[in-house]
Number of protein chains: 2
Amino acid sequence: MSRMRREHGLCIVVVAWFLLAMPAWAQPLPSWNEGPVKTSILNFIQAATDRSSKDFVPPPERIAVFDNDGTLWAEQPLYFQAAFAFDRVKALAPRHPEWKTQQPFKGLLENDMKAVGDSGKKGLAQIMAATHAGMTTDEFAATVAGWIASARHPRFNRPYTDLVYQPMQELLEHLRSNGFKTFIVSGGGVEFMRPWTEKVYGIPPEQVVGSSGVTQFKAGPDGKPVLAKLDKVEFVDDGPGKPAGINRFIGRRPVLAFGNSDGDLQMLQWTAAGSGVRFIGIVHHTDAQREWAYDRKSHIGRLDKALDEANAKGWILVDMKRDWNRVFAFEK
Amino acid sequence: MSRMRREHGLCIVVVAWFLLAMPAWAQPLPSWNEGPVKTSILNFIQAATDRSSKDFVPPPERIAVFDNDGTLWAEQPLYFQAAFAFDRVKALAPRHPEWKTQQPFKGLLENDMKAVGDSGKKGLAQIMAATHAGMTTDEFAATVAGWIASARHPRFNRPYTDLVYQPMQELLEHLRSNGFKTFIVSGGGVEFMRPWTEKVYGIPPEQVVGSSGVTQFKAGPDGKPVLAKLDKVEFVDDGPGKPAGINRFIGRRPVLAFGNSDGDLQMLQWTAAGSGVRFIGIVHHTDAQREWAYDRKSHIGRLDKALDEANAKGWILVDMKRDWNRVFAFEK
């Protein structure tokens, strides 16, 4: 009997371990309001993971891709990577006295955003070159990590990473607990995202696809090899670049894709064109009070063609105001 | 008592499930001979996974990268992707009567390898354009899968995928069972590898880094979007391209890297230059009987500078003849 009792004790430990390792049985997606959007998400995941369903997706094929700016975190009043670049110009200004008289730097340093805007694409490229090149990849990653830890969003006076959408966090987590592999596919710089996506989204660097500049392998000052970031665009992961990026980095067609703007349209089309069940979602910014409200006319995150296509194709439009009972985790 | 018995029965099922889910307790790396090389591998993995070790590597950082040609599978008498390209020229020849008189195609069709060789880089580029571009990514993947399933290696008269190294398969598996994420980082075409790496190596497409051509997103004949493979090189994942590729695709520095040729040198240097414990391995082809013997003078897989550096830096040289008791799984 004592051996029996020992085994029984072992059994309880093992069963407890087993249960702890299972996905939580709590109600998923608590920040999503009940309604057709939440139901469509849960139904898709249910069908994809049910072996007896005609829409079953084998685990290795459970690839889910998400745009970042405006889909996983906010993007107003300007892309957070642009805020980073602007802050870097200010931080680097003491080493560049010539910027006091050169646009677009002069405008930036004087908070004259009209002058910065007037400098156009050429000005933007100069800002990017000054802030995203001329250092090693390790130095850049440390700079990004430092900024993310210290910078504050102007409207909310909080770290930028506090502006991730709580409902999307829950969706990422729920997908992963159902065997999906979650990827970011963003027009943003891949090296701007990777230093914090694992901590903030649970998405490791190797599952982040983004725009990139050319790097050059060379010996560093101590003889150890480094990768130097050059002032040369290598890949733009936006618009038609997104399906190309998915093909190149992931090498499988996703079964779920989420975006929020016309820059995501081709990624959504590419995902939708696969055979079998697919989920195509768009975050529609409709809540000026808790977040922002913008779509067809916005300069940032314009949602126009993709909105028409979503309506025509029956893609799922997430109405932030209607479908989310909480936008940010810091809300009461 | 009957409830007790039921629980006991459940317990046995759960414990059995638990044991099955555990890494095998069989002796790891059975195709590796006992000796300093096998010991160094096992010691590295032991230290990296031991929380009390000063060389402990947290699971997310357990990135292991492997060259493919000559490291995971054979590469003689010519890179298998070249064999694929040559076979494709022969298969496509009926649609290209002009090839009967044009080099390098004429030489290929007549098995005149000297003529093919004389056509140089330009000829090789023509062969690549004719066999790797001008189709969609889906069409190319299907072509590769068909070739892999049907082509035979000239020396062994077996599918090319039978020429994967059994000891390296065991190493991949042993690393994964210890929480490592295994990646291929190859000079070969990424779209040539992905159709079969998951089945053959257990490495999914999203963990394969390789050379690539530009793809173009466009509407296919039925209106559905496709990615067309263009005749334009996008990225060469060889030499200094390997650390750049690792940075771009993986975004983390590996803790283990395995190669076999000078094309892997910068990848090995980049891995070795990280802080903390590292494992740098080189497969040295020393077994003309079971496989091939070549190094400093070889046109394919030349191992010269990296051999010097391995000796100077104490990297682990795997002597195929000495360290492997089995090269291929099909050996008796």
Side-chain angles (χ1 to χ4, degrees), chain A residues 4 7-8 10-12 14-15 17-18 21 60 63 137-138 141 181 183 190-191 193-195 197-198 204-210 212 214-220 222-227 234-235 239-253 266-267 269-270 272-274, chain B residues 4 7-8 10-12 14-15 17-18 21 60 63 137-138 141 181 183 190-191 193-195 197-198 204-210 212 214-220 222-227 234-235 239-253 266-267 269-270 272-274:
Chain A
M4 184 86 177
E7 279 185 47
H8 191 66
L10 172 69
C11 179
I12 288 167
V14 172
V15 170
W17 178 88
F18 178 68
I63 302 290
T137 51
D138 286 345
K181 213 163 171 176
F183 288 81
V190 70
E191 301 199 46
M193 296 182 281
R194 282 173 168 161
T197 56
E198 186 156 39
E206 61 270 25
Q207 286 163 222
V208 180
V209 180
S212 58
V214 174
T215 60
Q216 185 185 24
F217 181 82
K218 62 179 195 179
D222 59 356
K224 277 197 177 184
V226 298
L227 285 169
E234 184 174 53
F235 178 64
K242 288 207 174 192
I246 288 169
N247 178 64
R248 175 141 171 222
F249 284 78
I250 307 177
R252 277 202 242 249
R253 199 188 295 246
Q266 290 87 351
M267 171 171 86
Q269 290 171 332
W270 175 247
Chain B
M4 184 86 177
E7 278 184 47
H8 192 66
L10 170 70
C11 180
I12 288 167
V14 171
V15 170
W17 178 90
F18 179 68
I63 302 291
T137 52
D138 286 346
K181 212 163 173 177
F183 288 81
V190 69
E191 302 200 43
M193 296 183 280
R194 282 176 170 159
T197 55
E198 186 155 38
E206 62 269 25
Q207 285 163 225
V208 181
V209 180
S212 59
V214 174
T215 60
Q216 185 184 26
F217 181 82
K218 62 179 195 178
D222 60 356
K224 276 195 179 185
V226 298
L227 285 169
E234 185 175 51
F235 178 65
K242 288 204 175 195
I246 288 170
N247 178 63
R248 177 142 170 219
F249 284 78
I250 306 176
R252 275 202 244 248
R253 200 187 295 244
Q266 290 86 351
M267 171 172 84
Q269 290 171 332
W270 175 246

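Order of the sequence lines fixes the chain letters, A, B, ..., with proteins taken first and strands second; residue numbering starts at 1 for each chain. Just so it is clear, the structure is predicted and the values come from calculations on it, not from any experiment.
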Salt bridge present between Glu191(B) and Arg248(A) (N-O < 4.0 angstrom) |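 Judged by the 4.0 Å cut-off on N to carboxylate O distance, Glu191(B) and Arg248(A) do not form a salt bridge.
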
By a 4.5 Å heavy-atom criterion (distance strictly below it), what part of Gln216(A) contacts chain B: side chain, backbone, both, or neither?
->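 Neither the backbone nor the side chain of Gln216(A) comes within 4.5 Å of chain B.
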
Which heavy-atom pair separates Pro60(B) from Glu198(A) by the least distance, and what is that distance?
->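 Closest heavy-atom pair between Pro60(B) and Glu198(A): CB-OE2, 3.7 Å.
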
Rounded to the nearest 0.5 Å, what's the gap from CD1 on Ile246(A) to CG on Leu227(B)? Could you check?
->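 Answer rounded to 0.5 Å: 9.0 Å.
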
Nearest 0.5 Å please: distance from the CD atom of Gln269(B) over to the CZ atom of Phe217(A).
->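 Answer rounded to 0.5 Å: 4.5 Å.
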
Only counting residues at least two apart or in another chain, list the ones meeting side chain to side chain contact (heavy atoms under 4.5 Å, CB included) with Ala273(B).
->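 Checked Ala273(B) against side chain to side chain contact (heavy atoms under 4.5 Å, CB included); matches are Lys224(A), Pro225(A), Arg253(B).
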
How would you list, by chain and number, every residue that makes a salt bridge (charged side-chain N to carboxylate O under 4.0 Å, His left out) with Glu206(A), sequence neighbours excluded?
->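 Testing Glu206(A) for salt bridge (charged side-chain N to carboxylate O under 4.0 Å, His left out), a comparison that skips the adjacent residues, returns Lys181(B), Arg252(B).
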
Top of Val190(A), Asn247(A), Thr137(A), Thr215(A) for chain B proximity - count of heavy-atom pairs under 4.5 angstrom |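 Looking at each option in turn, the highest pair count goes to Asn247(A).
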
Should the ring pair Phe249(A) and Phe249(B) be called parallel, tilted or perpendicular, given that the plane angle runs from 0 to 90° and is split at 30 and 60?
->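 Ring orientation of Phe249(A) relative to Phe249(B): parallel.
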
